[in-house]
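Below is one structure, written out as structure tokens; comments come after it.
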Amino acid sequence: MNISDKDILRMLMKSRDRIAAATWIIVRDAQTAEDIFQNVAIKAMTKDVEFKSAGELISWAFVTARRESIDWVRRHKKEASIPDTKLMEILEEEWQSDETREDSRLEALRSCVESLPGKLADLLRLRYFDGLSCGKVGEKIGIGLDAVYKRLSRVHQSLRDCVRSRLGKQEAIDNEQ
Amino acid sequence: MNNDESQIELLLRYLGNDLDPEKHLEVEEVLKRDRQARALLRELSEHAAVAADIQRVVGEKPASNSETEFNTSRQTASYFAASLLVVATLVLLGLSISWLVTGQEDRNEQVVTIVALNGPVEWTGDGGLVRDRLHVGNRLNGGTIELNAPDAWIEMGFEDGSKITLTGQSTLTVSDEGQKLLRLRNGSLSADVNDQPESTPMVIRTHLAELTVLGTQFNMKVDGLSTVVSVNEGVLRVKRLADNKQVDVNATQQIVVAASRQPEFNATIRPQSVTQWASQLPGGIIYGNWSMEYSALVASPLLWRDCKKPKQDPILLFLAATSVSRGENPPVELTAGSQLHIRGSIEKPMDLIVGLTSQHLGGGFAGKHLAVRKKESFIEGGGEFEFFIPVEEFFPQEPEYPKTALGLGLYDWWCLTINEDAGLKIRSVELRTTSDNKLAP
């Protein structure tokens, strides 16, 4: 039995963070990644081929997003490098297969990002929301390129630690129950 | 910096295109071979995507909470094969560390504040930053506002109390460097402008005209063919860019600046409103695709996100919309007893939502009103339909809109289904009155 349009949208929204992340690796611009996700969602609900399973839908969505991303880079950033197709295929496969506790992990990530102290949050905002290159981030806040990368690395590591900590606490609560 | 951070930095440089080509390829080869490296890459890209999404939801600054979670002890397990660590070390050995910090970032001067908004609205600000999650109270610097649906609108206020309202699909660029400069590329604008200094009036440009505004209330509509300006209070000067001719337009007057060659360029008294209207499809289409095969306007998909509810998932709409009172057409008044007569077809019966955008007859955006035809109203299995919807049946889309559309001017209409493509096609739309001996059931 084919998936209804309503369920298609629900399933895509559930995988939105992963599809957006895969798209971001190619386009390196969060707003564009979001636009591409939206285009993929519309295509999923209006294309002729129907989806028989969530797996089929999500697989199609990753591939379609990748193609749109590559087209976008070729149109807008002609000099930019595009990640190797084989690498992207492997990443997408792993994103789809690695679904263990995916929802709770991404939920933990969201909480951790929201809990970031002001200056660290500003750094992420400049780099990923404003879409500035690390060089431009450095110019904006008055530090060198290397310092930007070191600070960013620490923020990302902090987020990883925070997510692990939250998942660990949740697991302990679940075990008690 | 520990091993994990070195590996993260290496991947961030890879993602930032800040590695030399040879190192870039080396990292990519390692990623293809090493599962743990790929897991880290996936995490970093998720951080980027989620951080940007949260910023869209929260606004200009996310809430800043305690730092305790970031003081936990770090794990030191290595996640990379030795090959990647070697590459990381070789790259980082040549780098110098700069910790010079000033801590002050420039803030562009805010130009407008959002007073109210509805529907999908995007703001492109300094440096091409696009924001689609806007809120009442957001202060925006110079940039471009885009409204992406027929029922979208936004009201913005300047520091001096002047207000502008954009409605329907519109694009407006705003700046204020001591003088308010606006560019209306397309769409509809209402403005209530307080007195401006004579040396620095508000200036509004379209592709055909330039308006000089010292203090007035007016409306303007821009499309590819014309710029139409109607003045409700005060006076403003309109210059036709083709030949620099200028005309003063006073209250109750309007002027049309057309793309076609027209020697006359005069302000005229606004036409009286009418009470009937009929669509002239395929003319006037705002949204949807004209099908020659079906001689109908076919509803098209639109992913609709309400700016006021940023955490809510977007809704998929299948939408058809046309303009009613645009350009130099007289206003169409919604009077007691009038009905919207819609003819079309649907392949799969579903609830149909019909909407109207209205303006005050004296000028200015008034509101949006809706009516619903339940799926039971359609023939089972789909097919042709014909509805007569009394204007009294339409209810306000938002609480702040007028309780009734009666007495207002019909600006445009739309109809849609939600979440599913019902194969909606519109053949004609009319506003009919029963007082003209035209039969209406």
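Source: prediction; values computed, not measured. Convention: sequence-line order gives letters A, B, ...; per-chain numbering from 1.
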At a heavy-atom separation under 4.5 Å, does B:A52 approach chain A through its side chain, its backbone, both, or neither?
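B:A52 touches chain A through backbone and side-chain heavy atoms alike.
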| request: Under 4.5 Å heavy-atom distance to chain A, tell me which part of B:F318 shows up: side chain, backbone, both or neither. | output: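 Just its side chain gets close to chain A.
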Heavy-atom distances under 4.5 Å only: say whether A:A20 touches chain B with side chain, backbone, both or neither.
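Both the backbone and the side chain of A:A20 come within 4.5 Å of chain B.
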Query raised in the report: Which answer fits A:R127, side chain, backbone, both or neither, if we ask what part of it has an atom under 4.5 Å from a heavy atom of chain B?
Result: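 The answer is the side chain of A:R127.
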Side-chain touch [X]/[Y], heavy atoms, less than 4.5 angstrom:
X: A:D84; Y: B:E29; result: no
X: A:R160; Y: B:L40; result: yes
X: A:S81; Y: B:Y14; result: no

Closest non-hydrogen atom pair, [X] against [Y]:
X: B:D18; Y: A:L145; answer: OD2-CD1, 3.9 Å
X: A:S153; Y: B:I8; answer: CA-CG2, 3.8 Å
X: A:V113; Y: B:A51; answer: CG1-CA, 3.9 Å
X: B:L316; Y: A:L9; answer: N-CD2, 4.3 Å

Rounded at 0.5 Å granularity, tell me how far [atom1] in [X] sits from [atom2] in [Y].
X: B:H47; Y: A:L109; atom1: NE2; atom2: CG; result: 5.0 Å
X: B:L31; Y: A:M88; atom1: CG; atom2: CE; result: 11.0 Å
X: B:S6; Y: A:Y149; atom1: OG; atom2: OH; result: 14.5 Å
X: B:L12; Y: A:C134; atom1: CG; atom2: SG; result: 7.0 Å
X: B:L41; Y: A:L87; atom1: CG; atom2: CG; result: 6.5 Å
X: B:E9; Y: A:L152; atom1: CD; atom2: CG; result: 9.5 Å

Q. Above 12 or not: heavy atoms from other molecules or residues under 6.0 Å from NZ of B:K32?
A.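 Above 12, so yes.
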Is the number of heavy atoms from other residues, nucleotides or ligands within 6.0 Å of CD (A:Q38) greater than 12?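 Counting neighbours around CD of A:Q38, more than 12 heavy atoms of other residues, nucleotides or ligands fall under 6.0 Å, so yes.
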Determine the option with the most heavy-atom pairs under 4.5 angstrom with chain B, choosing from [options].
options: A:V163, A:L91, A:L124; value: A:L91
options: A:L132, A:D29, A:I90; value: A:I90
options: A:R10, A:K136, A:M13; value: A:M13

Q) Ion pair present between A:D146 and B:R13, side-chain N to carboxylate O less than 4.0 angstrom? A)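 Looking at A:D146 and B:R13, the cut-off is met.
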Hey, are B:E5 and A:K150 close enough for a salt bridge, meaning a charged N less than 4.0 Å from a carboxylate O?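 Looking at B:E5 and A:K150, the cut-off is not met.
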*Please name the residue in the list A:R110, A:R105, A:R16 that meets the salt bridge (charged side-chain N to carboxylate O under 4.0 Å, His left out) test with B:E46.*
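Passing option: A:R105.
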Can you tell me which of B:L15, B:N419, B:D421 forms the most heavy-atom pairs within a distance under 4.5 Å of chain A?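 Of the options given, most contacts go to B:L15.
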Quiz prompt | A:R28/B:N17 under side-chain contact (heavy atoms from CB on, under 4.5 Å): CA gap, chis, key distance, verdict | solution = CA-CA 10 Å; A:R28 317 281 167 86; B:N17 280 325; 3.8 Å; yes
